[in-house]
2 protein chains.
Amino acid sequence: MQKTPAIEQPPTIYDVAQAAGVSIASVSRVLNSHGNPRQETKNRVLRAVAELGFVPDGAARALSARVKEIVGVVFRHVPRADSHEAADGAATEEDESLQFTDLINRGIEVAAQQGGFNLLIGSVDVHGHDARRQVMTMARKCDGVILHDRVLEPEELAQLSRQVPVVTLAGVATDATANVRSDGRSGMGELARHLIHDHGYPTVAYLAGHADSPDNLARRQSLTEETARAGATFVDGPRWQGNYLASGGANAVRNLLAENATLPRAIACANDQTALGVMTQLASAGIDVPGEIAVTGFDDIPVARHLRPQLTTVRQPIHELGAAAFDVLRSMITDRGQHGHEPAERDLVLPTVLVRRQSCGCRAGPETAALTDTVTMASADAEGGT
Amino acid sequence: MQKTPAIEQPPTIYDVAQAAGVSIASVSRVLNSHGNPRQETKNRVLRAVAELGFVPDGAARALSARVKEIVGVVFRHVPRADSHEAADGAATEEDESLQFTDLINRGIEVAAQQGGFNLLIGSVDVHGHDARRQVMTMARKCDGVILHDRVLEPEELAQLSRQVPVVTLAGVATDATANVRSDGRSGMGELARHLIHDHGYPTVAYLAGHADSPDNLARRQSLTEETARAGATFVDGPRWQGNYLASGGANAVRNLLAENATLPRAIACANDQTALGVMTQLASAGIDVPGEIAVTGFDDIPVARHLRPQLTTVRQPIHELGAAAFDVLRSMITDRGQHGHEPAERDLVLPTVLVRRQSCGCRAGPETAALTDTVTMASADAEGGT
DNA sequence: CTGAAAGCGCTTACAG
DNA sequence: CTGAAAGCGCTTACAG
């Protein structure tokens with residue numbers, strides 16, 4: 001029969017003003033460092049604020065200051081097959097973590113916090129017939145929005161960007177929206193050369209991500225070009241279609257194996273999660289990685305180095321991508337409405353780096369392998385490495 | 001010399017009213033389904049809304065309706081050692097993903113979205129001398145707050161909870177705050193019995209999480225009891241102190257190995273990330289898991305099944321924990337201010353489940369191991385499994 | 001059923 | 001330097 005203690009109405013600026021014996025205008029001024037309040041006034045206000053534990057209401061502040069100090073982040077949500085706690089133990093295939101997305105969001109959050117902003121997070125369903133409304137509603141709670149890959153159709157995006165500043169991630173910049181991405185081509189090119197020249201693999205397959213993702217296309221394209229240039233055989237096609245999830249990679253390999261297809265010497269995956277699924281599937285089929293088939297990823301999420309063998313991959317500056325997205329958005333927010341104002345960079349691209357570990361066929365480092373990745377700057381011409 | 005198209009001021013309710021030829025009150029009514037507007041009125045309003053692309057401003061709505069439809073989520077943030085892009089390739093140890101936290105947040109988000117709420121996310125620094133202010137500021141942008149483990153000191157928590165509904169995660173319920181956690185004791189007990197009875201391991205160590213985390217204490221306690229009861233040797237102590245991160249597990253093992261300590265036959269880790277670090281470190285020392293040393297985790301994050309060997313662990317209903325936290329919070333929000341109202345459950349505890357995979361010494365499943373975990377309900381007495 | 005008006009809790013010109 | 005007042009964009013009694 002325990003009772004909940006009622007929550008008191010938080011104090012308002014009027015309470016503070018009264019306690020301090022000044023006007024609400026003065027309270028507002030000392031709290032926001034506007035004008036030059038007398039020291040005496042400051043003291044009285046600050047004391048009252050401390051005593052009452054006053055913190056201004058966000059909505060009221062936002063309404064009158066016309067700034068919410070909130071940025072929205074929207075990502076695409078893989079629907080759960082609503083099998084509560086999958087009692088049979090077989091995890092639903094959709095029940096995956098989108099680590100890359102979460103890590104980017106961390107990057108955004110850190111930058112935002114530094115800038116005095118908070119993050120409003122929302123995900124939209126793939127079958128999002130009302131994705132637009134969801135995003136719109138969110139947008140009206142924010143000063144600007146960052147959109148992950150494939151959240152909105154181009155027309156929806158255009159409409160949204162008419163009302164609020166928008167930055168897309170791994171998309172393409174438009175008239176009204178900025179975009180932040182990483183230079184997948186250079187990293188993938190470097191990876192391809194490594195596989196073909198350094199390891200001498202004759203055939204390389206690309207286990208793709210979402211077909212409509214610009215990142216995916218750039219990576220494939222780069223791989224295609226490099227293999228062609230080197231005279232190696234490039235393998236892809238409908239059987240090699242993944243979905244950026246471990247299950248996508250696992251399924252593709254399982255099917256390939258089931259139909260007794262001849263597998264290539266190396267499989268370059270669209271991202272690390274896909275590589276994870278591929279490696280798991282190959283292992284349970286008794287195929288040695290990298291001995292029989294080399295496998296590589298893309299992203300360099302934290303678990304990559306903890307896989308066995310450790311995953312060779314192309315590192316994206318994940319944290320920095322998020323931070324950059326926030327910075328760009330923030331400048332758009334600041335400049336908003338200022339016609340003809342010189343815009344910030346509209347298509348920011350960050351460099352990627354090849355990280356050679358073991359799954360490509362490189363030998364393990366001499367000591368604690370986990371701490372001695374061999375990294376080469378994608379743009380450097382030196383061969384690098386220990 | 002490209003110019004940014006200026007962002008138009010989004011239309012207000014006045015614009016809609018004018019376009020529809022009605023009062024703003026009527027617009028509000030049809031949009032919120034209050035009263036019984038005539039069909040004619042509805043039509044005119046809806047048409048105007050569609051034409052103008054009107055979506056109500058969140059701040060204004062919040063201020064007057066006294067509901068923001070936002071819940072805050074705060075977690076503790078491991079500070080980055082600000083080494084931008086760690087050019088030497090050695091990832092900073094702190095640069096870890098807190099997958100468990102992110103997954104819980106996903107669970108919260110899904111439930112919140114269903115309830116028409118959005119998530120406001122913020123992290124506080126470990127050295128958070130101003131953690132309180134950060135959280136307070138966030139709280140004033142929300143209708144209620146969910147706090148992950150170890151975000152606020154008890155007094156700070158008490159103060160916060162006086163102004164806004166608060167739910168803690170993996171903490172303890174207080175007079176004014178509710179708590180959601182999982183039943184770590186039962187899952188860990190089951191795990192201990194499995195290691196000792198089924199596998200016959202004589203010595204089991206506990207590689208701990210944060211010393212001040214209730215979850216950590218419950219898990220250790222349960223392990224201690226079970227080993228004592230079975231006459232096995234329990235190993236712990238300062239050398240076995242981890243921090244819930246892979247680096248914590250790796251460091252502990254590295255130090256133990258460096259001083260030539262005799263390792264126990266089995267290491268039960270406080271969570272999966274710790275187990276990840278432990279397994280990586282053991283592998284690079286050439287120690288076979290589970291042949292020489294068995295290793296287990298806790299949480300069952302998605303990568304657990306992708307490790308080699310696949311990780312035996314105790315599954316927490318991660319998604320459900322998040323969803324439950326939201327549900328509890330939401331009911332507190334609804335009831336707020338209603339003195340003496342019968343409160344919802346104040347300390348919700350969800351069941352855990354042992355997931356037997358390979359790292360404990362169980363053999364791999366007959367087919368695609370990834371899809372055939374052997375799961376036993378923690379509370380069930382049947383032995384279950386195939 | 002509908003409109004005019006008050007009010008939500010702040011910030012910010014505008015006078016003094 | 002400081003206070004009274006207007007206004008941010010909504011929702012909701014209150015009259016009609």
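None of these values were measured; they are calculated from a predicted model.
Residue B/Ser64 places its side chain closer to D/dC10 than to any other of D/dC1, D/dC10, C/dC10. In this structure, the nucleotide among C/dC8, C/dC10, D/dC10 sitting nearest to the side chain of B/Arg61 is D/dC10. Which of D/dG3, C/dC10, D/dC10 sits closest to the side chain of B/Pro56 comes down to D/dC10. Of the candidate nucleotides D/dC10, C/dC8, C/dC10, C/dC8 has the atom nearest to the side chain of B/Leu63. Considering only side-chain atoms of B/Asn32, the nucleotide from C/dT11, D/dT11, D/dG9 that sits closest is D/dT11. The side chain of A/Thr12 approaches C/dC10 more closely than any other nucleotide in the set C/dC10, D/dC10, C/dT2. The A/Arg29 side chain lies nearest to D/dA4 when the options are C/dC10, D/dA4, C/dC8. Comparing D/dC1, D/dG3, D/dG9 by their nearest atom to the side chain of A/Val22 picks out D/dG3. With D/dA4, C/dA4, D/dG9 as the candidates, the nucleotide lying closest to the side chain of A/Ala25 is D/dA4.
No salt bridge links A/Arg47 with A/Glu51; every basic N to acidic carboxylate O contact stays at or beyond 4.0 Å. Remark: A/Arg106 engages B/Asp102 in a salt bridge, criterion side-chain N to carboxylate O under 4.0 Å. Remark: A/Arg66 does not engage B/Asp57 in a salt bridge, criterion side-chain N to carboxylate O under 4.0 Å. Using a 4.0 Å cut-off between a side-chain N of Lys or Arg and a carboxylate O of Asp or Glu, A/Arg150 and A/Asp212 qualify as a salt bridge.
Closest-nucleotide positions on DNA chain C for B/Thr41 and A/Ala60 were compared, and the one nearer the 5' end corresponds to B/Thr41. The 5' end of DNA chain C is approached more closely, in terms of each residue's nearest nucleotide, by B/Pro37 than by the other of A/Val27 and B/Pro37. Toward the 5′ end of DNA chain D lies the nearest nucleotide of A/Glu40, the other residue of the pair A/Glu40 and B/Ser26 mapping further downstream.
C/dC8 atom C1' lies 19 Å from atom NZ of B/Lys141, rounded to whole Å. A straight line from OH of A/Tyr14 to P of D/dA5 spans 11 Å, rounded to a whole angstrom. If you measure from atom CZ of B/Arg140 to atom P of C/dC8, you get 14 Å, rounded to the nearest angstrom. Going from atom CD1 of A/Ile13 over to atom P of C/dC8 covers 14 Å, rounded to whole Å. In this structure, A/Lys68 atom NZ and C/dC10 atom P are separated by 17 Å, rounded to whole Å. One interatomic measurement links the two molecules: CD1 of B/Ile24 to P of D/dG9, which rounds to 11 Å at whole-angstrom precision. A/Asp57 has its CG atom 10 Å from the P atom of C/dT11, to the nearest Å. Remark: P of C/dC10 and CD of A/Gln9 are 12 Å apart, rounded to the nearest angstrom.
Residue B/His34 places none of its side-chain N or O atoms closer than 4.0 Å to OP1 or OP2 of D/dT11. An OP1 or OP2 oxygen of D/dG9 is reached within less than 4.0 angstrom by a side-chain nitrogen or oxygen of A/Arg66.
The closest side-chain donor-acceptor pair between A/Thr101 and A/Asn105, if any, does not fall under 3.5 angstrom.
At the heavy-atom level, A/Ser28 lies under 4.0 Å from base atoms of the strands shown.
Within the shown strands, nothing qualifies as a pairing partner of D/dA4 under the Watson-Crick or G-U definition with both distances less than 3.5 Å. The partner of D/dA13 is absent, by the rule that a Watson-Crick or G-U pair needs both atom distances under 3.5 Å.
Heavy-atom neighbours of A/Gln18 CD from other residues, nucleotides or ligands within 6.0 Å: at or below the threshold of 12.
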